[in-house]
Amino acid sequence: MTTPRPHDLLWLSRRDALQCVDAPWVSDQWRSEFPVVVRRDVSDCGRIPVGVRGMKREQRAAGWVDARDIVRVATPESLADLHRLLRSPFVSQQPVQAAIQLAQRQWPWAWGITGSTGYALATEVPVLHAASDLDLTIRAPAPIAPAAFADWQRMVTQLPCRADTQVETPLGAFSLTEWLRDGRALLKTNRGPQLVSDPWRREDA
């Protein structure tokens, strides 16, 4: 199995595979048939940092898992498959309709769906509502010029719901809108945020 990346959804082999969670609601609501999501953090003993979501919007908790306990992975890219989107029970919801519009175009990068829309697509749990956003991620292992994002940004602003794009580089992730607007962005890394102008180049603190 390849190393899980941020935003990947993981299904675990058993309930007690989820470790070090300090939130009372988790023991009542979370079961191993629900996935956890990979988050950014660092473990000295090789564990994978994950987040747990409950049925309420404010119910979010951090935890850890061992790779040996992972039985299934859903990547954001797999959730952006057009046929999967068209078969979703939430196909009439605006975030899914927006994702379908994006999936009907060919893009020069791998992209995927995260957040509540990704969770709903992966689990069929009805967590979407009328005001739900569409959270997107673009995989960018090599630098991409700002001008290359013009068509993507133009289309995203015309979608039937609010959409936010995070770009994933080898060093972390940043808001595409913020970077294009300001020429700098807050890069989310495993060791905390860092303000950078070039999200692909390691900068001195």
For Leu102, is there any backbone N or O sitting under 3.5 Å from a side-chain donor or acceptor partner on Trp107?
yes
Residue pair Val156, Phe149: steps toward the side-chain contact (heavy atoms from CB on, under 4.5 Å) verdict:
CA-CA 10 Å; Val156 164; Phe149 290 109; over 6 Å; no
Is there a donor-acceptor pair under 3.5 Å between the side chain of Trp11 and the backbone N or O of Val36?
no
Taking all heavy atoms of Leu12 and all of Leu18, pick out the closest pair and write down the distance.
CD1-N, 4.1 Å
Honestly, is Arg39 close enough over Trp64, meaning NZ or CZ under 6.0 Å from the six-membered ring centre and within 45° of the axis?
yes
Donor-acceptor check, side chain of Arg47 to backbone of Gly63, threshold 3.5 angstrom: yes or no?
no
Flag the pair Cys161 / Gln97 as yes when at least one side-chain heavy-atom distance between them is below 4.5 Å, and no otherwise.
no
Is it the case that more than 12 heavy atoms not belonging to His83 sit under 6.0 Å from its NE2 atom?
no
Ion pair check, Arg40 and Glu168, cut-off under 4.0 Å
yes
Indicate the atoms forming the closest heavy-atom contact of Asp135 with Ser116, along with that distance.
OD2-N, 4.4 Å
What's the separation between atom CZ in Arg202 and atom CG in Leu187, rounded to the nearest 0.5 Å?
9.5 Å
For Pro141 against Pro170, the heavy-atom pair lying closest together
O-CG, 3.4 Å
CZ of Arg191: more than 12 outside heavy atoms within 6.0 angstrom?
no
With a 6.0 Å cut-off (strictly less than), is the heavy-atom count around CD of Gln101, excluding the residue itself, greater than 12?
yes
Test side-chain contact (heavy atoms from CB on, under 4.5 Å) on Gln104 and Ile100 and set out the steps.
CA-CA 6 Å; Gln104 289 174 328; Ile100 288 171; 3.9 Å; yes
Heavy atoms, side chains only, cut-off 4.5 Å: are Trp179 and Val167 in contact?
no
Heavy-atom donor-acceptor pair, Trp30 side chain to Arg53 backbone, under 3.5 Å:
no
Salt-bridge present (Arg184, Asp182; N to O < 4.0 Å)
no
Kindly say whether Asp133 contributes a backbone atom to a donor-acceptor pair with the side chain of Thr117 at under 3.5 angstrom?
yes
Between Thr165 and Trp111, does the side-chain contact (heavy atoms from CB on, under 4.5 Å) criterion hold? Intermediate values first, please.
CA-CA 9 Å; Thr165 305; Trp111 68 278; over 6 Å; no
Has Arg14 got more than 12 heavy atoms of other residues, nucleotides or ligands less than 6.0 Å from its CZ?
yes
Minimum-distance pair of heavy atoms, taken over all atoms of Leu79 and Ala122
CD2-CB, 3.9 Å
Are any non-hydrogen side-chain atoms of Ser175 and Asp164 less than 4.5 angstrom apart?
yes
Roughly how far, to the nearest 0.5 Å, is the CH2 atom of Trp200 from the CD1 atom of Ile144?
5.5 Å
Between Leu176 and Leu136, does the side-chain contact (heavy atoms from CB on, under 4.5 Å) criterion hold? Intermediate values first, please.
CA-CA 10 Å; Leu176 180 58; Leu136 302 162; over 6 Å; no
Where the side chain of Gln93 meets the backbone of Ala130, is there a donor-acceptor pair that is under 3.5 Å apart?
no
Answer yes or no: is there a donor N or O on one side and an acceptor on the other, between the side chain of Thr123 and the main chain of Tyr119, under 3.5 Å?
yes
Any side-chain heavy atom of Leu159 within less than 4.5 Å of one from Gln94?
no
How long is the straight-line distance from CE of Met155 back to CZ of Arg105, given to the nearest 0.5 Å?
5.5 Å
